[in-house]
Protein chains: 2
Amino acid sequence: MKSEQKNITIQHVAERAGVSKMTVSRVLNHDSKVSDSTRTKVMDAVQELNYRPNISARQLAGSKSYFIGLLYDNPSQGYVSQFLLGALKRCRASGYHMVVDECQGGLQDKVRMTRDFVNTTRVDGVILLPPLCDIPEVLDTLKQSGTPFVRIAPDVDLEASPYVCMDDYQAAYEMTNELIQAGHRDIAFIIGHPNQGASRLRYQGFLDALRSNRINCPPEYIEQGYFTYKSGLQAATKLLGLGNRPTAIFASNDDMAAAVTSAAHIHGLSVPEDVSVVGFDDVELASSLWPPLTTIRQPIAEMAEAAIELIRSGKLNNERTLRRSDYRHVIDFELVRRESLRTKNEAISQRSVG
Amino acid sequence: MKSEQKNITIQHVAERAGVSKMTVSRVLNHDSKVSDSTRTKVMDAVQELNYRPNISARQLAGSKSYFIGLLYDNPSQGYVSQFLLGALKRCRASGYHMVVDECQGGLQDKVRMTRDFVNTTRVDGVILLPPLCDIPEVLDTLKQSGTPFVRIAPDVDLEASPYVCMDDYQAAYEMTNELIQAGHRDIAFIIGHPNQGASRLRYQGFLDALRSNRINCPPEYIEQGYFTYKSGLQAATKLLGLGNRPTAIFASNDDMAAAVTSAAHIHGLSVPEDVSVVGFDDVELASSLWPPLTTIRQPIAEMAEAAIELIRSGKLNNERTLRRSDYRHVIDFELVRRESLRTKNEAISQRSVG
DNA sequence: CTGAAAGCGCTTACAG
DNA sequence: CTGAAAGCGCTTACAG
């Protein structure tokens with residue numbers, strides 16, 4: 001149907017370069033040993049003809065599809081697009097393309113969609129975003145199909161597949177230290193959604209940093225949130241209404257931190273003059289708010305790049321060649337310093353223990 | 001390489017059903033006339049074998065790739081993922097898959113990436129998101145390649161291709177009427193980014209609604225914004241500091257409306273008691289803020305579905321069969337009523353003219 | 001309404 | 001280091 005200009009095939013390139021199709025194929029796949037002179041001839045022909053290999057033919061004939069699948073479930077707003085950014089960057093560099101799909105419905109639907117997805121697209125590998133990556137039945141389906149897969153920030157069953165993550169614990173630990181370095185002793189914390197492992201790790205990092213600095217944290221300084229703006233608003237309202245109001249509030253994500261900022265305004269308090277606020281994630285909101293949030297930049301794009309690289313390298317295709325270091329990729333985070341955190345000079349904290 | 005279970009091919013299905021491969025192919029493509037009895041036999045065999053056609057083979061042999069491309073440039077946070085949601089839904093229903101890519105860099109890079117994308121993926125059609133869809137050179141490249149494409153909310157050169165959009169003008173008109181119905185006469189407006197057509201249309205809708213209600217709008221009630229939270233904050237600060245403070249503020253998008261809410265708090269004003277605030281888009285933020293925003297729900301997912309349907313239908317492949325009604329698809333918006341807008345009973349407006 | 005043949009554009013063995 | 005042959009799993013004409 002499609003009115004297309006005459007397709008340039010490997011045959012045309014071969015003729016132009018005066019070699020066989022086979023040789024062209026070898027050059028294109030950075031394969032085997034080809035003499036430099038023929039390699040040059042072939043590459044020139046490719047250039048002149050502006051030749052692009054037909055991906056379908058490659059898929060059908062070979063073992064690789066040059067497609068990588070991205071499957072997700074219900075991630076927070078903007079997470080997918082930020083992830084895609086990094087994934088596409090790496091794909092571009094290596095001739096791959098991303099096929100994206102969302103798994104919806106109940107457990108059975110998700111399993112069926114996963115199976116159909118790998119069967120029809122024949123992707124070389126699949127990347128699973130949280131929380132989909134924590135559904136054992138989905139992982140089993142993928143294993144049965146023989147399709148390699150990488151998980152992003154998984155929470156359970158870490159032995160099930162290679163994965164890429166960041167160190168939530170360490171990040172929260174360092175952020176808490178940052179607050180302490182700035183002179184804060186009365187630091188409140190808003191916990192993330194209880195069904196996510198990251199919430200637990202961030203909370204633990206906070207607690208341990210306080211402990212190693214011998215700072216006490218009264219129970220009323222800990223509030224349970226759910227990663228939503230609304231839950232942050234409720235938590236902040238309680239915290240800011242306390243008689244022993246904290247001088248700093250550490251929210252487990254930026255949405256909640258943004259809510260803390262709003263709540264402070266409602267209470268007639270200035271950020272960071274009256275209360276410092278820090279978040280986690282470095283989403284777009286964090287830097288568009290006023291004051292912009294000191295936060296932890298979650299390296300979503302870098303995690304995507306690492307995942308693509310794992311699949312592309314082919315390491316996942318053979319259990320035996322898969323080394324320990326390929327199994328767990330921890331990507332560095334970054335503590336981003338902005339105006340929402342201010343050094344507290346007067347140590348008027350009522351309960352400073354250290 | 002990939003350790004896969006023995007692939008079930010069309011041949012297996014044909015044998016099981018006791019027919020030729022050709023007949024199986026016909027059934028699968030809802031093609032031609034096949035007798036009901038053979039159709040049933042084939043479908044049963046497909047079921048029993050859990051057969052999925054190999055998409056690569058289909059692509060190579062046939063004219064369709066069963067892939068649809070999504071190309072974008074630099075859309076606002078969450079726009080892509082929201083668009084994908086709708087697109088994937090429709091794809092699932094018809095055996096298609098989405099191949100996503102981002103065009104980066106300068107004009108030449110974008111053109112080259114567009115060309116390479118269609119050449120290597122052989123997608124059946126491309127969907128272009130704004131603002132990429134307004135680059136003439138990209139459109140030309142696509143035309144030359146013979147790949148059909150649909151644009152989403154284009155701003156220029158509307159004759160260049162079929163497109164899907166919503167009526168920004170009408171939406172702003174209706175929202176303004178909503179404010180007027182609620183008794184507001186002193187209504188301020190924050191304009192969107194000047195480089196986007198939607199900004200112009202929304203502003204015009206606002207002005208015309210006021211005019212047709214014979215309501216005057218002093219120049220100090222109009223502020224230029226840039227669709228960012230920060231620009232909204234600056235605009236709101238000016239508006240709320242006016243001697244003749246408006247009783248309602250209409251921001252051209254939700255991010256700016258959210259900023260207006262924050263600014264109100266900073267000024268010690270309550271929303272909606274002291275000032276009503278309305279936005280545009282209905283992004284996630286709009287309903288997670290407190291108070292949640294009255295806004296216009298932009299039907300991004302529905303626009304995506306319509307675009308997929310256009311490509312899938314094959315209507316775009318033939319200029320002559322393309323009817324006027326296929327060219328411009330306007331999707332309905334929805335005015336979402338929430339707590340940020342309150343009826344103003346006391347008509348204390350100083351300059352009400354009507 | 002159904003089928004036998006050819007071919008889509010590559011890559012995988014197998015030779016040399 | 002290079003090539004001739006076969007085949008990947010489908011669909012497109014062409015017959016009947």
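Proteins get letters first, then strands, A, B, ... in listed order; numbering begins at 1 in each.
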Consecutive Watson-Crick or G-U pairs in runs of at least 3, all under 3.5 Å, in which DNA chain C is involved: C:1-3 with D:14-16, C:5-12 with D:5-12, C:14-16 with D:1-3

Between A:D101 and B:R92, is there a side-chain heavy-atom distance shorter than 4.5 Å? yes

Do you see a donor-acceptor pair shorter than 3.5 Å between the side chains of B:R151 and B:S161? yes

Quick one: which of A:E309, A:E302, A:E305 gives a salt bridge (charged side-chain N to carboxylate O under 4.0 Å, His left out) with A:K89? A:E305

Measuring only between side-chain heavy atoms, which start at C-beta, is B:L128 closer than 4.5 Å to B:L142? yes

Can you tell me the distance, in whole Å, between the NZ atom of B:K41 and the C1' atom of C:dT2? 11 Å

Between atom CZ in B:R39 and atom C1' in C:dT2, what is the gap in whole Å? 13 Å

Roughly how many Å is it from CD in A:Q59 to P in D:dG9, rounded to a whole number? 13 Å

Can A:D44 and A:K41 be said to form a salt bridge (charged side-chain N to carboxylate O under 4.0 Å, His left out), step by step? CA-CA 5 Å; A:D44 285 351; A:K41 276 191 297 185; over 6 Å; no

Looking at D:dC1, C:dC10, C:dG3, which one has an atom nearest to any side-chain atom of B:V19? C:dG3

Mind calculating the distance between NE2 (B:H12) and C1' (D:dG9) to the nearest angstrom? 11 Å

Whole-Å gap separating P (D:dT12) and CG (B:L28): 13 Å

Taking the inter-plane angle between the rings of B:H97 and A:F117 on a 0 to 90° scale, is it parallel (under 30°), tilted (30 to 60°) or perpendicular (over 60°)? perpendicular

Can you see if the side chain of B:T23 gets near the phosphate of C:dG3 - specifically, an N or O under 4.0 Å from OP1 or OP2? yes

Do the side-chain N or O atoms of B:S25 get closer than 4.0 angstrom to the phosphate oxygens (OP1, OP2) of D:dT11? yes

Any base atoms under 4.0 Å from B:T38, or only sugar-phosphate, or nothing? Heavy atoms, all strands. sugar-phosphate

Are side-chain heavy atoms of A:V19 and A:V24 found at a separation under 4.5 Å? yes

What N/O pairs connect the protein and nucleotides 4-8 of chain C at under 3.5 Å? Give each pair on its own line.
unit_1	atom_1	unit_2	atom_2	d
C:dC8	O2	B:L60	O	3.4
C:dC8	O2	B:A61	N	3.2

Taking the six-membered ring for Trp and the full ring for Phe, Tyr or His, determine whether the centres of B:Y72 and B:Y79 are under 6.0 Å apart. no

Could you state the atom-to-atom distance from CD1 of A:I55 to P of C:dC10 in whole Å? 11 Å

Side-chain touch A:V46/A:L28, heavy atoms, less than 4.5 angstrom: yes

Please work out if A:Y66 contacts a base, only the sugar-phosphate, or nothing of the nucleic acid, heavy-atom cut-off 4.0 Å. nothing

Take atom CD of A:Q11 and atom P of C:dT11, then tell me their distance rounded to the nearest Å. 13 Å

